[in-house]
Amino acid sequence: MTDKDPRVVELRSAVSRLRRELAAHPAEFRDRDIAEEELAALAAMAAGGTPEIPRLRRSLLLIAGAIGSVSALGQGLTQVRRAVDRFGEPPRA
């Protein structure tokens, strides 16, 4: 996958948007650090151009668990989920 891969471009954009929204969100919540760390991990994977599908899904689950109850971040989380979903299902072992 390269920078021209539309899935990678979409993932970068969605992650960047949610990171900005999270940074601007005034309320502190218990799992904010987890969300920030996993968004950074997703950004690094997207920057590398070859995201690992199982790792993408794991990060998405951790982010959803960390910020899922913060309604102001719901739209951004949905966009990240859609971007991750575009990579498809991980191969079955």
> Just so I know, are the side chains of E37 and I63 near enough to count as touching, which here means a heavy-atom distance under 4.5 Å?
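They are not in side-chain contact.
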> Please name all residues satisfying side chain to side chain contact (heavy atoms under 4.5 Å, CB included) with L62, sequence neighbours left out, ordered by chain then number.
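L62 satisfies side chain to side chain contact (heavy atoms under 4.5 Å, CB included) with I34, E38, R58 once adjacent residues are dropped.
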> I need the minimum non-hydrogen distance between L73 and L18, along with the two atoms involved.
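Nearest pair, atom of L73 first, then L18: O-CD1, 4.0 Å.
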> I need the E52 CD to M45 CE distance, nearest 0.5 Å.
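Spacing of CD (E52) from CE (M45) equals 7.5 Å.
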> Just by modelled atom types, is the A14 backbone N or O under 3.5 Å from a matching donor or acceptor in the R19 side chain?
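Side chain of R19 to backbone of A14: no pair is present.
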> Nearest heavy-atom pair of F29 and A66: which atoms, and what distance?
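Shortest heavy-atom contact: CE1-O, 3.5 Å.
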> I need the minimum non-hydrogen distance between A46 and L11, along with the two atoms involved.
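Closest approach of A46 to L11: CB-CD2, 4.0 Å.
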> Do you know the tightest heavy-atom contact between A35 and I67?
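In this case the closest contact between A35 and I67 is CB-CG2, 3.5 Å.
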> Do H25 and E21 have side-chain heavy atoms sitting under 4.5 Å apart?
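No. Closest side-chain heavy atoms not under 4.5 Å.
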> By side chain to side chain contact (heavy atoms under 4.5 Å, CB included), which residues pair with Q75, not counting sequence neighbours?
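So Q75 forms a side chain to side chain contact (heavy atoms under 4.5 Å, CB included) with Q79.
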> Do R55 and S59 have a side chain donor and acceptor closer than 3.5 Å?
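Their side chains do contain a donor-acceptor pair, which is all the 3.5 Å distance test asks for.
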> Begin from the C-alpha positions of R17 and S13 and carry the test side-chain hydrogen bond (donor to acceptor under 3.5 Å, both in side chains) through to its verdict.
CA-CA 6 Å; R17 189 175 308 115; S13 176; 2.9 Å; yes
> Using every non-hydrogen atom in the two residues, find where I53 and G88 come nearest and quote the distance to one decimal.
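I53 and G88 have their closest heavy atoms at CG2-O, 3.5 Å.
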> Answer yes when D85 and R57 have at least one side-chain N-carboxylate O distance shorter than 4.0 Å, and no when they do not.
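A salt bridge is present here (some side-chain N lies under 4.0 Å from a carboxylate O).
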> Is there a donor-acceptor contact under 3.5 Å from the side chain of S16 to the main chain of R12?
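Between the backbone of R12 and the side chain of S16 there is no qualifying donor-acceptor contact (under 3.5 Å).
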> State, to 0.1 Å, how close L77 and G68 come at their nearest heavy-atom pair, and which atoms those are.
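Closest pair (atom of L77, atom of G68, distance): CD2-CA, 4.3 Å.
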> Taking C-beta and beyond as the side chain, do L22 and V70 meet within less than 4.5 Å on heavy atoms?
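L22 vs V70: side chains apart.
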> Got a sec, which residues hit side chain to side chain contact (heavy atoms under 4.5 Å, CB included) with S69, two or more places apart in sequence or on another chain?
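Side chain to side chain contact (heavy atoms under 4.5 Å, CB included) check on S69 returns nothing, list empty.
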> Is there side-chain contact between E36 and D33, with at least one heavy-atom pair below 4.5 Å?
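They are in contact (side-chain heavy atoms under 4.5 Å apart), so the answer is yes.
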